[in-house]
Amino acid sequence: MSTAPPASAEAGRTGFLARAFDRTAWPPRGVRLLSAAVMAVFSAALWWQGGSWRAAAVLVGVDALAGLLPWRMPRTLRTGAAYWSENAIALAVPIAFIAYSAGTGADWLTQGTSWWWYAVALALDAGLLLAGGMDFRLLFSGDLAFLMGPSTPLQARTRATTGTLAPFGEEALYRSVAVTVAGPAGLVTSLLGAAAFIARHHVGDSRWRKAPRVLAVELLAALSLLGLVALSGSVYPALLAHLVNNAPSVLLELQRSEKESHG
C-alpha cells in the first residue's frame, strides 16, 4: 500500500524548485541556445571518434543540458541548495570524465612533459591575467572586495570552490583530446573543444560576459591553453595555467566572504 510523502517533504521539494528555477527562463534563446549548439557539435565530434570518447561526448551533452536548465537569475537571489546545486552539477559532470579516464587507464592522464613547459605556462598565464585587466593592487589590499561589496559566505565560498576545482574537469573534458587524437580529425575536434570551452561559460546566464574585453580574453585563453596542451603533449601545463588564472578570482571571493562574516 503506497502512502503520500509527508507534507513537509513535499513543501521542501516545491520550495527548492521555486527558489532554484524560473519557468519564464525556458525555452532558452539567443546566446544560451547558440552556446549549447556549439557544445553539441563538439559532443558529436567526440562521438565520431568512437571508443572512450563516446563517454566524453555524453558528458559534454549533459553539461550543455545542465546549463540550459531554467536556473533562476540573478544567482544572488538564491540561497542554500538552490544556489550551490548549479555549481555542483557544473563541477561533477567534467570531473566524472577524470574518474572514467582513470578507470579505463586513459593515456592522457599519465602523459607528462618537460619542466620548462610549466615555466611557459606561468609566463602565458601572466599575459592572460594582464589582458584580463584586474587591478591587483586593489585585490591584494582588499579594496577590490570592498568595492564589489560583501557576499554571503555560502555564495562566495561556492564560487571559490568552483574556481579552484573547475580547471581539473575542464582541462580533462575539453582539452585532453588534443593529446590523444592525431591528424586532421584531432585538430578539428580540438578546435571545437576550445569553442565548446568558451560556450560552456555562456550556456547559463552570461550577461556580464558579453563585454568585448571579456570575450576577447576568453578566446585568447581557450586558444592559448589548447596550444599549450598540443605543443607540450600534456594537459598538466595548461592545468597549472588555468589554476593560476583562476586564483585571483578565488581570492576575491574569499575576501568578500570574510567581509560579510565580519560585517
Just how far is it from atom [atom1] of [X] to atom [atom2] of [Y], taken to the nearest 0.5 Å?
X	Y	atom1	atom2	answer
S141	D135	OG	CG	8.0 Å
R256	L251	CZ	CG	12.5 Å
R137	L144	CZ	CG	10.5 Å
L219	F197	CG	CZ	11.5 Å
R159	L154	CZ	CG	9.0 Å
S151	R157	OG	CZ	10.0 Å

Tell me which donor-acceptor pairs under 3.5 Å the side chains of residues 227-241 have, and how far apart each pair is, sequence neighbours excluded?
| residue | atom | partner | partner atom | Å |
| --- | --- | --- | --- | --- |
| S232 | OG | L228 | O | 2.6 |
| S232 | OG | S234 | N | 3.3 |
| S232 | OG | S234 | O | 3.1 |
| S234 | OG | Q111 | O | 2.7 |
| S234 | OG | Y236 | N | 3.2 |
| Y236 | OH | L109 | O | 2.4 |

Taking all non-hydrogen atoms of both residues into account, name the closest pair between [X] and [Y] and its distance.
X	Y	answer
A194	A222	O-CB, 3.8 Å
P153	S257	CA-OG, 3.5 Å
V250	G163	CG2-C, 3.9 Å
A178	L226	CB-CD1, 3.7 Å
L130	R213	O-NH2, 3.6 Å
A82	R19	CB-CB, 3.7 Å

Inset, instruction - Given side-chain contact (heavy atoms from CB on, under 4.5 Å), test M73 with D22 step by step and report yes or no. - result: CA-CA 8 Å; M73 299 295 172; D22 177 8; over 6 Å; no

Sub-4.5 Å side-chain heavy-atom contact between [X] and [Y]:
X	Y	answer
W26	L69	no
L215	E218	yes
T180	D107	no
L138	F146	no
L122	V244	yes
M134	S249	yes
L129	F136	yes
Y118	T113	yes

Within one Ile-Leu-Val-Met-Phe-Trp-Tyr cluster: [X] and [Y], side-chain cutoff 4.5 Å:
X	Y	answer
V93	V60	yes
V62	F42	yes
V217	V38	no
V188	M39	yes
L91	L65	no

Legend entry - Candidate pair L34 and H202, rule side-chain contact (heavy atoms from CB on, under 4.5 Å), full reasoning: CA-CA 9 Å; L34 176 62; H202 293 263; over 6 Å; no

Inset, instruction - May I have all residue pairs that pass salt bridge (Lys or Arg N to Asp or Glu O under 4.0 Å) and include part of residues 122-134, sequence neighbours excluded? - result: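 Listed by first then second residue: nothing to list.
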
Legend entry - Working for side-chain contact (heavy atoms from CB on, under 4.5 Å), residues T164 and N246: CA-CA 7 Å; T164 302; N246 283 13; over 6 Å; no

Inset, instruction - Taking salt bridge (charged side-chain N to carboxylate O under 4.0 Å, His left out) as the test, write out the residues that go with R175, two or more places apart. - result: E171

Inset, instruction - Quick one: list whatever passes salt bridge (charged side-chain N to carboxylate O under 4.0 Å, His left out) with R72, sequence neighbours left out. - result: none

Inset, instruction - In sequence, state the C-alpha distance, the side-chain angles, and the governing distance for T158 and N87, and then conclude on side-chain hydrogen bond (donor to acceptor under 3.5 Å, both in side chains). - result: CA-CA 7 Å; T158 297; N87 291 272; 5.6 Å; no

Inset, instruction - Not counting sequence neighbours, list each pair that qualifies as a ring-ring contact (aromatic ring centres under 6.0 Å, His included) and has a residue in residues 64-91. - result: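 ring-ring contact (aromatic ring centres under 6.0 Å, His included) check on residues 64-91 returns F21-W71.
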
Inset, instruction - Any side chain to side chain donor-acceptor pair (under 3.5 Å) involving residues 48-65? Give me the pairs, sequence neighbours left out, ordered by first then second residue. - result: Q49-T189, D63-Y174, D63-R200

Legend entry - N/O donor-acceptor pair under 3.5 Å between T104 side chain and S101 backbone: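 Answer holds: yes.
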
Legend entry - Aromatic ring pairing Y100/F97, orientation class (parallel under 30°, perpendicular over 60°, tilted between): parallel

